[in-house]
Protein chains: 2
Amino acid sequence: MERNLSLYEKVREDILSGEFDEKEKMTEIKLAKKYEVSRTPIREVLKQLEFEYLVKNGYIYKPSPEDYRNLFEMRTLIETHAIEKAILLFGPSDINDLKNSIEKAYAGPEDETLSANKYFHDKLISSIRNPFLSETYERMNSIIYLFSRTVVERQRPNLIEEHAQIVEAIEERDVAKGKRLIKEHLDKDLEFSLYYM
Amino acid sequence: MERNLSLYEKVREDILSGEFDEKEKMTEIKLAKKYEVSRTPIREVLKQLEFEYLVKNGYIYKPSPEDYRNLFEMRTLIETHAIEKAILLFGPSDINDLKNSIEKAYAGPEDETLSANKYFHDKLISSIRNPFLSETYERMNSIIYLFSRTVVERQRPNLIEEHAQIVEAIEERDVAKGKRLIKEHLDKDLEFSLYYM
DNA sequence: CAGTTAATAAATGTATACATTTCTATTTAA
DNA sequence: TTAAATAGAAATGTATACATTTATTAACTG
């Protein structure tokens with residue numbers, strides 16, 4: 001079932017699949033020709049992609065390790081906050097959702113693991129029930145995707161086990177443990193990925 | 001010395017000073033006429049204002065109390081994180097800056113107090129040294145301004161004293177105390193303002 | 001030859017016409 | 001009388017021409 005991708009989705013996919021030369025400026029005019037639209041919608045799309053840390057000026061945004069650390073600091077701040085809320089709010093059904101995503105991640109092929117892991121973190125974030133914080137998190141979706149892809153493809157050790165431990169902490173309603181575990185989990189993702197990227 | 005305000009600054013000021021009827025849609029066409037420009041720059045400005053939680057769809061964004069609580073949850077998360085960093089990083093000169101802003105806030109007329117208080121919080125945020133978190137904070141600038149104006153104008157009790165206590169906690173390098181105080185401080189700002197707004 | 005300046009090209013910024021969508025109000029049918 | 005349908009108006013979406021700014025490169029000068 002082929003969905004009709006929006007212009008934004010098309011450009012985003014092309015960026016994530018490495019279609020663009022990061023040395024060459026993506027001028028509005030060139031993009032307009034490439035996607036056979038006028039400059040007007042291209043401008044909107046570029047704005048959105050800058051918002052998501054994929055483009056800067058007119059270039060593919062190649063964040064420095066420092067930038068990635070800063071982005072992960074923001075991500076960690078939000079997910080740590082989310083754990084606290086999850087421990088407060090999650091019932092058996094929510095915890096079951098988390099456990100199922102862990103099972104799927106273990107069982108599946110790479111891309112199933114990838115999407116199951118995404119589900120795990122998104123479920124955690126859902127506990128916040130704060131659209132402003134959620135949006136700030138979602139803004140990092142593309143960056144988070146790039147890192148998740150790396151840790152799954154290059155098989156970072158203990159990746160899924162750590163998810164299981166986090167669920168344990170939630171079941172035990174142990175806030176300090178949960179926060180510590182999620183922080184360690186994300187730190188490892190970051191360092192592992194920076195090593196390979 | 002009259003600076004030449006950008007279109008964005010003009011519209012933003014007009015919104016903050018209550019120039020627009022919140023029931024009436026700010027259509028691109030009407031705004032273009034009002035500010036004597038074409039729809040193109042108006043669109044950009046509207047996007048920016050939506051980004052800052054001042055406009056939604058084409059209407060003045062009138063956040064619900066729930067929205068304000070959520071925005072303050074995000075603000076508190078960031079400022080609490082900042083305190084931790086400040087306790088780790090701030091030297092005597094930084095602490096002195098904070099103290100000076102408190103003196104100014106005590107001494108000055110209303111608008112001096114307002115800007116001194118803004119300085120206090122911005123200085124705190126500067127300890128984060130993370131452009132992504134700073135931007136997320138600055139995005140709330142307009143909202144924060146509206147609240148600060150209310151608490152200063154309506155003379156919320158203990159406002160400046162609480163700043164002084166926070167500086168104490170930083171000097172004592174007491175993280176738990178600092179976090180607790182900033183959280184209480186912001187909670188009071190929120191509740192006080194919601195009562196009056 | 002290095003560094004500045006001027007000329008040119010190419011990009012972004014802005015205005016505007018036209019296309020499409022969304023909203024509003026009025027008619028029509030149940 | 002309510003609800004659905006529809007015509008008209010008004011908004012946003014898109015393309016494009018023109019204005020302005022920025023970048024590039026060629027020419028000039030010390």
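- Remark on the helix from C:dC1-D:dG30 to C:dA30-D:dT1: inter-end axis angle 20°, axes from five-pair C1' superpositions, rounded to 10°.
- Side-chain contact between B:M26 and B:I42 is absent, with no heavy-atom pair separated by less than 4.5 Å.
- One atom, CG of B:N57, and another, C1' of D:dA10, lie 16 Å apart when rounded to the nearest Å.
- One can place CD of B:E24 at 14 Å from P of D:dA10, the figure rounded to the nearest angstrom.
- Electrostatic pairing of A:K183 and A:D187 counts as a salt bridge here, judged by a charged N lying under 4.0 Å from a carboxylate O.
- Here B:E73 does not pair with B:R69 in a salt bridge; the nearest charged N to carboxylate O distance is not below 4.0 Å.
- At a cut-off of 3.5 Å, with distance as the only test, no side-chain donor of B:N57 or B:K25 sits close to an acceptor on the other residue.
- Using bins of under 30°, 30° to 60° and over 60° for the plane-to-plane angle, the ring pair B:Y35/B:F20 lands in the tilted bin.
- Outside the 6.0 Å centre-distance limit, the rings of B:F72 and B:Y68 are not counted as a close aromatic pair.
- A cation-pi geometry, defined here as NZ or CZ lying under 6.0 Å from the six-membered ring centre and within 45° of its normal, does not hold between B:K104 and B:F120.
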request  = For salt bridge (charged side-chain N to carboxylate O under 4.0 Å, His left out), just list the numbers for B:E135 and B:R139, CA-CA rounded to whole Å, side-chain angles, deciding distance to a tenth of an Å, and then say yes or no.
outcome  = CA-CA 6 Å; B:E135 198 226 48; B:R139 194 177 167 185; over 6 Å; no
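- Two residues are said to be in side-chain contact when any heavy atoms from C-beta on lie closer than 4.5 Å; B:M197 and B:F147 meet this criterion.
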Report all interatomic pairs (protein N or O, nucleotide N or O of nucleotides 20-23 of chain D) with separations under 3.5 Å.
none

Distances under 3.5 Å only, N/O to N/O: pair up the protein atoms with those of nucleotides 8-14 of chain C.
{"residue": "C:dT12", "atom": "OP2", "partner": "A:E28", "partner atom": "N", "Å": "3.1"}
{"residue": "C:dG13", "atom": "OP2", "partner": "A:R43", "partner atom": "NH2", "Å": "2.8"}
{"residue": "C:dG13", "atom": "N7", "partner": "A:R39", "partner atom": "NH2", "Å": "2.9"}
{"residue": "C:dG13", "atom": "O6", "partner": "A:R39", "partner atom": "NH1", "Å": "2.9"}

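- Of the residues listed (A:E52, A:E44, A:Q48, A:K47), the one engaging A:Y8 in a side chain to side chain donor-acceptor pair (under 3.5 Å) is A:E52, and it is the only one.
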